[in-house]
Asks: 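Before I ask anything, here is the structure I am working with.
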Amino acid sequence: MPSILPKGLELACVIARDDPRDALITRRGQDLSKLQPDAIVGTSSLRRMTQLLHFRKDLRIASLRGNLDTRIRKLHDLEFDAIVVALAGVKRMAFKNLKYQIIPTEIVLPCACQGAIAIEIRKDNTPIRKLLKKINDQRSLECVNCERAFLKEFGGGCRLPLAALAVIKKKSIYLEAAVISLNGETLIRLQDKAPIKKGEQLGRNVARALLKKGGREILESLNHG
């Protein structure tokens, strides 16, 4: 779902969010820190690639595409030593005998809205909006709106090395976000909080702060790369 919706549409509902973290899947269940030097790790995400390289420069990151079944099959066909995917997808598919480790957010921060299922409707469709209130999880919606505001302010989406995760604690919403250079050497990471109802402004503020701290230079290097 794009960070800027077409005119006349709105995000009306977010189902209770699943775990937004990433999972490292291997054939033997190794931890990320225990992979051998030069291990081939498959991912199609710039966000994952850059954060993995920031954590371990000795890894070899290789492009991995296809649905989750296809990605896991490529791992077992020995094309990769490990693959990184969204934990929510692994749980939803309920694979049996799959060996994986949850990657801490301190190492790999998720992409904005990972683990969330949202429903988009026409703004003038009042009956559907009322119906969706029955399955909407307001805390998840507030977090998703915060993260989407961050993306919109940054002018990016999943094709940029951006990460953002909002969580609600008591009466405040906390947003942690990062922008990473393609080689993984530079990682700029910030966290801030605000009252829950000001989550979207929080997202914009964190994006602006990251841009000022060097994020703009990283984006410019991508455009000229």
Side-chain angles (χ1 to χ4, degrees), residues 3 17-26 29-65 68 71 75 80-91 100-116 143-144 146-148 150-151 153-167 174-192 203 206-207 209-223 225:
S3 54
R17 190 177 193 174
D18 285 328
D19 196 319
R21 293 175 292 178
D22 283 315
L24 178 82
I25 306 177
T26 62
Q30 296 114 302
D31 184 88
L32 182 60
S33 62
K34 300 295 177 61
L35 292 176
Q36 76 254 23
D38 291 324
I40 301 174
V41 181
T43 176
S44 59
S45 163
L46 282 180
R47 171 193 60 84
R48 292 177 181 135
M49 177 191 79
T50 52
Q51 290 184 92
L52 289 169
L53 289 175
H54 184 78
F55 180 67
R56 282 192 57 178
K57 295 180 181 180
D58 62 320
L59 296 175
R60 295 167 57 194
I61 309 298
S63 178
L64 173 65
R65 298 191 179 278
L68 193 50
R71 297 183 187 203
L75 170 69
F80 303 93
D81 297 301
I83 63 174
V84 179
V85 300
L87 176 60
V90 173
K91 290 188 172 182
Y100 66 88
Q101 297 288 332
I102 298 174
I103 304 176
T105 57
E106 291 80 11
I107 297 175
V108 177
L109 193 65
C111 69
C113 307
Q114 185 160 297
C143 290
V144 163
C146 176
E147 295 167 20
R148 284 172 54 79
F150 166 82
L151 280 184
E153 187 69 27
F154 231 102
C158 61
R159 294 178 182 173
L160 292 177
L162 297 172
L165 178 63
V167 296
Y174 294 75
L175 177 65
E176 188 167 11
V179 56
I180 318 97
S181 62
L182 279 183
N183 59 11
E185 291 184 3
T186 303
L187 188 152
I188 307 169
R189 188 164 176 157
L190 292 175
Q191 184 181 63
D192 203 355
V206 170
L210 277 177
L211 286 167
K212 288 181 179 179
K213 281 186 167 290
R216 196 178 307 279
E217 287 76 10
I218 290 177
L219 291 188
E220 289 176 353
S221 69
L222 292 174
N223 294 330

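Throughout, numbering of the chain's residues begins at 1 and tracks the sequence. Because only heavy atoms are used, hydrogens play no part in the values below, and waters and symmetry mates are left out as well, while side chains stay in.
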Asks: If you round to the nearest 0.5 Å, how far is CZ of R216 from NZ of K212?
Replies: 9.0 Å

Asks: Quick one: CG on L52 to CZ on R60, what's the gap to the nearest 0.5 Å?
Replies: 14.5 Å

Asks: Tell me the closest heavy-atom pair linking G115 and A88, and the distance in Å.
Replies: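 Where G115 meets A88 most closely, the heavy atoms are CA-CB, 3.8 Å.
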
Asks: Looking at V108, V41, I61, which hits side-chain contact (heavy atoms from CB on, under 4.5 Å) with V84?
Replies: V41

Asks: Which atom pair, heavy atoms only, marks the closest approach of G29 to Q101?
Replies: O-NE2, 3.2 Å

Asks: Looking only at the side chains, is there a donor atom on one of Q30 and D81 sitting less than 3.5 Å from an acceptor on the other?
Replies: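 Q30 vs D81: no donor-acceptor pair found between side chains.
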
Asks: Tell me, with the steps shown, if L160 and I218 meet side-chain contact (heavy atoms from CB on, under 4.5 Å).
Replies: CA-CA 10 Å; L160 292 177; I218 290 177; over 6 Å; no

Asks: What are the two closest non-hydrogen atoms of L24 and A82, and how far apart are they?
Replies: CD1-CB, 3.7 Å

Asks: How about L210 and F150: do any of their side-chain heavy atoms sit closer than 4.5 Å?
Replies: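 In short, these two side chains touch, coming nearer than 4.5 Å.
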
Asks: Side chains of E147 and L165, heavy atoms from C-beta outward: is any pair under 4.5 Å?
Replies: yes

Asks: Check L109 against A164 and note the closest heavy-atom contact, atom names and distance.
Replies: CD2-N, 4.2 Å

Asks: Of the non-hydrogen atoms in Q51 and L187, which two are nearest, and what is the gap between them?
Replies: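 Minimum heavy-atom contact is CG-CD1, 4.2 Å.
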
Asks: To the closest 0.5 Å, what do you measure between OH (Y174) and SG (C143)?
Replies: 12.5 Å

Asks: Taking the side chain as every heavy atom from C-beta outward, state whether K213 and L190 have any atom pair closer than 4.5 Å.
Replies: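 Heavy-atom side-chain distance check passes, below 4.5 Å.
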
Asks: To the closest 0.5 Å, what do you measure between CG (L64) and CG (L75)?
Replies: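 Rounded to the nearest 0.5 Å, the CG-CG separation comes to 9.0 Å.
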
Asks: Which distance, rounded to the nearest 0.5 Å, do you find between the CG of L87 and the CG of D19?
Replies: 4.5 Å

Asks: R47 versus Q114: any side-chain heavy-atom pair under 4.5 Å?
Replies: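 Yes, at least one pair of side-chain atoms sits under 4.5 Å.
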
Asks: Using every non-hydrogen atom in the two residues, find where T50 and S181 come nearest and quote the distance to one decimal.
Replies: CG2-O, 3.2 Å

Asks: Can R48 and D22 be counted as an ion pair, charged N to O under 4.0 angstrom?
Replies: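 Here R48 pairs with D22 in a salt bridge, since their nearest N and O are under 4.0 Å apart.
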
Asks: Atom CG in L53, atom CG in D58: separation rounded to 0.5 Å?
Replies: 9.5 Å

Asks: Would you indicate whether the side-chain heavy atoms of L182 and M49 approach each other to under 4.5 Å?
Replies: yes

Asks: Using the side-chain contact (heavy atoms from CB on, under 4.5 Å) rule, pick out the option among L35, D31, L32 that qualifies with T26.
Replies: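 Running side-chain contact (heavy atoms from CB on, under 4.5 Å) over L35, D31, L32 with T26 returns exactly one hit, L35.
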
